[in-house]
Each structure stands twice: as C-alpha cells, then as structure tokens.
Amino acid sequence: MKRFISFLVLIMPLFLDAQNTMYFMDRLPQNISFNPAFVPNVKFYLGLPGIGGVSANAYNSGFNYNELEEFLDNIDRPGYSPDEFIKSIGDYNTFTSEINASIFALGFKLKEKGYLSFGLSMNSLLSVKADSKIAYLLSDFDDLSLNDFPLTVDGIDFLTNNYFALNFAYSRKLNEHLTIGISPTINFGLIGIKANKLSYIVDIENSQSEDREYNQTVSGEVLLGLPVEINPDAINGNEFDLDQGFLPDNWEDDLGISDLMRDKSLTLNIGATYSLQKWMFSASILNIGSSSFKTNSYQLNGADEKILVKEVDKMKFGIPTKIYIGVSRQFTPKWNYGLVLNNTYYNWGSRASGTISLNGYVGKMLSTSVSYTAGYKFNNIGLGLRMRFLPGADLFFVTDNLLQSFNYRQAYRLSAAFGINVSVGVKPQVAL
C-alpha cells in the first residue's frame with residue numbers, strides 16, 4: 001500500500017501547467033494566466049467545461065520513481081546501505097505540484113484598446129519540504145533494522161490548498177508601446193492544510209516481540225480548513241483521533257453549493273508589456289494575497305502522544321506568488337524567439353527557472369513552440385502545438401518536459417497542458 005501511495009505522490013498529478021513553454025505561444029488565451037496584459041490574438045474565445053483546458057506540473061527534488069523503487073526493493077537486503085540513498089537526496093527533499101482545471105472561460109475584445117476575459121477553474125496545489133529521512137516513511141517498517149528506530153523526521157513544512165477561482169482579467173493599450181493588465185480573482189476555499197516544522201516519530205513499542213507494534217506520534221502545529229465541520233466522532237474532549245479521519249462519514253451528502261462558496265478571499269494579478277520595434281518586453285506578479293477560511297477552521301497540536309484540537313475564527317492559506325519577466329523578438333513575420341524568467345515563492349523558500357523558446361507558424365493550421373528550460377533539472381526540452389482541427393476550434397498540447405513524458409519513471413519534473421479553445425476573429429496581420 002505504501003508503495004502504491006508513493007507512486008501516486010510522484011506520478012498521478014503529473015499528467016494533467018506547463019509553466020514556461022506556453023508563455024509566447026500565439027492564439028492561446030491561456031497566456032493571460034501568466035500576464036493579464038497579454039492580449040489574445042482573437043476577437044472572441046470560449047473554453048467549455050471539460051475540454052477548455054487542464055494543466056499540471058510537479059517536481060520532486062531528491063529522487064525519481066525508479067530510484068525510490070530500487071530503495072524500497074533493497075532496503076532489507078543484506079549488504080545494502082539505505083543510508084546512502086538518504087544521503088544522495090541531500091539534507092531535505094521538496095515536492096511541489098499544481099493542478100488547474102478550467103470549468104468555463106470567455107474573453108472578447110473591447111473596441112480597439114481593451115480586452116476583457118472571465119474564467120472559473122478548480123485549483124489544487126501541494127508543497128512539501130522535509131528531512132530526507134521522509135523516504136523511510138514510504139517503506140514497510142518491518143523491512144527496517146531495529147537500529148533504525150526510533151525513526152525521526154524533522155522539519156516537515158506542508159501546504160495544500162484546494163479552491164475554486166473566479167477571475168476577471170482586463171488589459172488596455174495605453175499607447176502604441178505600453179499595455180497594462182489587471183486580474184482580480186475571487187477564491188472559494190475547499191480544503192486547506194498547513195504545517196511548519198512538524199516532527200514525525202516512529203518507535204517500536206516492544207522490540208523483543210517477533211510481531212512488531214509501532215507507535216507513531218506527531219509533534220507540532222497543523223492548521224486545517226474544511227468545507228464541513230471536522231469529524232465529531234474523532235474528538236474526545238479536546239483530543240483528536242487520527243484513525244477516525246478528518247471528515248465525518250457521508251459528509252458529501254450534506255455539502256451544498258452555499259458551503260463551497262462560503263469561504264471567500266481575493267487575490268490579484270498585475271502585469272505590463274512594452275513593445276519597441278520588433279521587441280516585446282513583459283513582466284507580471286501573480287497571486288498577490290491568499291485564500292482564507294472563516295468557518296470550519298481548526299488548529300491541531302501534537303504533543304505527548306496526543307493531538308489536541310480547537311476551532312479558530314479565521315486562518316489563511318498561501319497561494320505561491322509568482323514573478324514572470326519575458327522578452328521576445330519577432331525576426332520574421334511568422335517567427336519569434338523569446339526568453340522568460342520565472343520565480344515561484346513557497347512557504348519554505350523560492351524556486352527559479354528560465355526558458356528560451358522558438359515560436360511561430362507551420363502552414364495555416366498549426367502554430368508551435370520549441371523550448372529549453374533551465375532550473376529544476378537541466379534536461380527540460382519543451383514542445384507546444386496548437387492545431388485548428390475544425391472551423392473556429394483549436395486543439396492545444398504543451399509540455400516543458402517532452403522527453404520525460406516518455407520516460408516518466410526517471411523524471412524529476414513533468415508538466416503538461418491540453419484542451420480545446422473555440423475562437424473567432426483572428427487579427428488579419430497574423431498569417432494563418
């Protein structure tokens with residue numbers, strides 16, 4: 001079971017936000033998510049539920065699935081040193097993932113200088129930083145030597161934030177060079193969990209017995225935001241029993257639309273572009289603010305082999321702030337090359353990347369982007385394709401990690417975005 005869970009943690013989120021390859025692709029309204037000052041090259045676009053676009057990216061710093069599987073297969077083999085694998089990870093392992101599923105999107109041109117768009121999406125993010133010994137928690141404890149206990153994993157920073165987002169984006173051309181954009185977003189919190197500097201301890205209750213029994217304790221504070229009240233059967237006085245689960249049985253039966261829209265918050269994206277002859281410069285800051293829970297918010301404290309719980313009035317869960325800086329040059333009517341730099345700020349630190357790309361058209365029906373991304377790891381060859389397969393309908397697929405997509409078991413990072421846009425009114429100066 002633990003191996004199956006570890007597989008899900010490393011692989012499942014990956015196949016569903018290409019970060020950088022999409023940045024300069026033409027005819028993709030999804031570019032607005034990188035910079036609200038970007039103006040789609042169509043007069044009108046529509047993204048429909050289910051097919052309007054799904055995107056995801058994930059990264060694990062210390063090991064890929066093949067390395068983890070080798071560790072788990074050999075951990076109890078005589079002569080194998082699991083500590084060597086732990087040392088190869090470094091002091092800490094970090095895992096991050098983001099998933100965005102578009103529910104509805106709509107955008108249209110306002111006269112000559114403005115563009116207005118709306119979007120509703122489901123978002124999920126996960127960020128984990130922990131002592132590299134966290135890999136031991138994915139193993140079967142019976143395979144570990146008695147000398148490995150007590151097993152202590154310190155410094156666990158954990159954040160997951162799941163929410164609906166209703167965004168509005170408006171861009172306006174101030175003059176022939178400068179365009180500015182703003183995108184306020186209303187976030188509706190669903191589930192949020194945040195922890196800083198947790199300690200997870202596993203010890204053997206009776207080391208003399210052939211059948212081991214393990215005592216697992218958590219030390220530290222966890223903040224929890226839920227769509228419904230916490231499981232009352234798991235609370236005895238002010239003590240919480242993890243074995244009972246956070247949510248009550250059949251909790252979804254009592255969940256209504258009003259419950260999903262109860263915990264509201266506001267974040268803001270701002271951006272600008274500046275065109276000069278064949279050059280375009282762009283910059284944006286995304287996710288200014290955070291999401292919050294005003295109801296069903298709880299504080300859990302682990303100490304002395306107990307977990308104490310209390311309800312609090314309000315708590316905030318961060319959404320990683322992102323900064324994008326880009327520059328591109330149009331060297332033929334149909335082709336440009338570009339550079340984009342990105343820095344994402346998590347609760348435990350930041351992670352930077354940079355992408356160079358070649359972007360343009362192949363014939364009348366296809367536009368493409370080929371890219372290389374440095375950061376994370378250094379084998380990130382990206383590809384983006386947008387194909388008009390029906391009148392007014394564009395199918396797109398974008399990834400920053402083309403090679404790893406075919407060999408995902410050895411990948412540290414994967415990303416992808418795909419969907420269908422209905423768009424009309426392409427600007428005449430762009431040849432199709």
_How close do Asn41 and Arg27 get, counting heavy atoms only, and between which atoms?_
O-CD, 3.9 Å
*asked:* I'd like to check the ring-ring contact (aromatic ring centres under 6.0 Å, His included) partners of Tyr337; sequence neighbours left out, ordered by chain and number.
replied: Phe331
_Pairwise ring pair (Phe, Tyr, Trp, His ring centres under 6.0 Å) hits with a residue in residues 261-282, at least two apart_ = His177-Tyr274
_Phe164/Ile103 under side-chain contact (heavy atoms from CB on, under 4.5 Å): CA gap, chis, key distance, verdict_ = CA-CA 9 Å; Phe164 288 108; Ile103 299 174; 3.6 Å; yes
*Donor + acceptor pair across side chains of Ser132, Asn93 (<3.5 Å)*: no
*Measure the spacing between CG of Leu72 and OG of Ser139 and express it to the nearest 0.5 Å.*
6.5 Å
_Testing the basics here: between Ser275 and Met280, what is the closest heavy-atom pair and its distance to 0.1 Å?_
OG-CG, 3.9 Å
*Which heavy-atom pair separates Ser121 from Ser102 by the least distance, and what is that distance?*
CB-CA, 4.2 Å
*Between OH of Tyr298 and CG of Leu226, what distance do you get to the nearest 0.5 Å?*
6.5 Å
*Does Asn343 have any side-chain hydrogen bond (donor to acceptor under 3.5 Å, both in side chains) partners at least two apart in sequence or in another chain, and if so, which?*
Tyr345
*State the CE-CD distance between Met25 and Gln30, to the nearest 0.5 angstrom.*
10.0 Å
_With a 6.0 Å cut-off (strictly less than), is the heavy-atom count around CG of Asp91, excluding the residue itself, greater than 12?_
no
*In Å and rounded to the nearest 0.5 Å, what is the OG1 to CG distance from Thr399 to Leu414?*
7.0 Å
*What's the shortest heavy-atom distance between Asn421 and Gly52, and which atoms?*
OD1-O, 4.1 Å
_Heavy-atom side-chain contact between Leu190 and Met122 under 4.5 Å_ = yes
_Using the side-chain hydrogen bond (donor to acceptor under 3.5 Å, both in side chains) criterion, which residues pair with Asn74? Sequence neighbours excluded._
Arg77
*Asn161 versus Ile319: any side-chain heavy-atom pair under 4.5 Å?*
yes
_Does any part of the side chain of Tyr65, heavy atoms only, come nearer than 4.5 Å to the side chain of Asn60, both counted from C-beta?_
no
*Thinking salt bridges, do Arg386 and Asp26 make one under a 4.0 Å N-O criterion?*
no
*State, yes or no, whether a side-chain contact exists between Ser61 and Tyr92 at a heavy-atom distance under 4.5 Å.*
no
*Are Phe95 and Phe158 close enough that some pair of their side-chain heavy atoms sits under 4.5 Å apart?*
no
*Please, which pairs that meet side-chain hydrogen bond (donor to acceptor under 3.5 Å, both in side chains) have at least one residue in residues 179-188, sequence neighbours excluded?*
Asn187-Thr267
*Which atoms form the tightest heavy-atom contact between Ala130 and Ile156, and what is the distance?*
CB-CG1, 3.9 Å
*Excluding sequence neighbours, so at least two apart, what forms ring-ring contact (aromatic ring centres under 6.0 Å, His included) with Phe38?*
Tyr23
_Non-hydrogen side-chain atoms of Glu67 and Asn64 separated by less than 4.5 Å_ = yes
Report all side-chain donor-acceptor pairs from residues 283-290 shorter than 3.5 Å, counting only partners two or more places apart or in another chain.
unit_1	atom_1	unit_2	atom_2	d
Ser284	OG	Phe34	O	2.6
Asn287	ND2	Pro320	O	2.8

*Does some side-chain heavy atom of Val39 sit less than 4.5 Å from a side-chain heavy atom of Lys173?*
no
*Charged N-O contact under 4.0 Å between Lys294 and Asp313*: no
_Nearest-0.5 Å distance that lies between atom OG in Ser282 and atom OH in Tyr324_ = 11.0 Å
*asked:* Can you confirm whether the side chains of Asn359 and Asn336 place a donor and an acceptor under 3.5 Å from each other?
replied: yes
*asked:* Does Thr368 form a side-chain contact (heavy atoms from CB on, under 4.5 Å) with Trp335? I'd like the steps, not just the answer.
replied: CA-CA 10 Å; Thr368 186; Trp335 290 90; 3.9 Å; yes
_Contacts of Phe317 that satisfy ring-ring contact (aromatic ring centres under 6.0 Å, His included) - sequence neighbours left out_ = Phe293
*asked:* Please check this pair: side chain of Lys194 against backbone of Lys316, looking for a donor-acceptor N/O pair closer than 3.5 Å.
replied: yes
_From Leu266 atom CG to Ser291 atom OG, the distance as rounded to the nearest 0.5 Å_ = 11.5 Å
*Would you confirm whether the ring centroid of Phe85 sits within less than 6.0 angstrom of the ring centroid of Phe63?*
yes
*asked:* List the residues meeting side-chain hydrogen bond (donor to acceptor under 3.5 Å, both in side chains) with Thr355, not counting sequence neighbours, and say none if there are none.
replied: Asn20, Thr373
*Can you list the steps and then say if Tyr200 with Ile134 is a side-chain contact (heavy atoms from CB on, under 4.5 Å)?*
CA-CA 9 Å; Tyr200 195 98; Ile134 195 172; over 6 Å; no
*Check salt bridge (Lys or Arg N to Asp or Glu O under 4.0 Å) between Arg262 and all other residues, then give those that pass, not counting sequence neighbours.*
Asp259
*Is there a donor-acceptor contact under 3.5 Å linking the side chains of Asn35 and Thr273?*
no
*Between Asn269 (side chain) and Ser33 (backbone), is there a donor-acceptor pair under 3.5 Å?*
no
_List the residues meeting ring-ring contact (aromatic ring centres under 6.0 Å, His included) with Tyr115, not counting sequence neighbours, and say none if there are none._
none
*Quick check: are there more than 12 heavy atoms from other residues, nucleotides or ligands sitting under 6.0 Å from NZ of Lys133?*
no
_Main-chain N/O of Leu300 paired to Glu221 side chain as donor or acceptor, under 3.5 Å_ = no
_Other residues, nucleotides and ligands only: do more than 12 of their heavy atoms fall within 6.0 Å of CZ on Phe406?_
no
*Looking only at side chains, do Arg413 and Thr96 share a donor and an acceptor under 3.5 Å apart?*
no
*Would you kindly say whether Thr160 and Asn162 are connected by a side-chain donor-acceptor distance under 3.5 Å?*
yes
*Using side chain to side chain donor-acceptor pair (under 3.5 Å) as the criterion, point out the one residue from Ser369, Ser371, Ser357 that pairs with Thr21.*
Ser371
_Checking the side chain of Asp263 only, and the main-chain atoms of Thr295 only, is there a donor and an acceptor separated by less than 3.5 Å?_
yes
_Tell me every residue that passes salt bridge (Lys or Arg N to Asp or Glu O under 4.0 Å) with Glu239, counting only those two or more places apart in sequence or in another chain._
Lys306
*Backbone of Leu106 reached by a side-chain donor or acceptor of Ser117 within 3.5 Å*: no
*Of the non-hydrogen atoms in Ala417 and Met22, which two are nearest, and what is the gap between them?*
CB-CE, 3.6 Å
*Do the non-hydrogen side-chain atoms of Leu224 and Val309 ever get within less than 4.5 Å of each other?*
no
_Tell me if the centroids of the rings in Phe188 and Tyr163 come within less than 6.0 Å of each other._
no
*With a cut-off of under 6.0 Å to the ring centre and 45° to the axis, is Lys334 in cation-pi contact with Tyr361?*
no
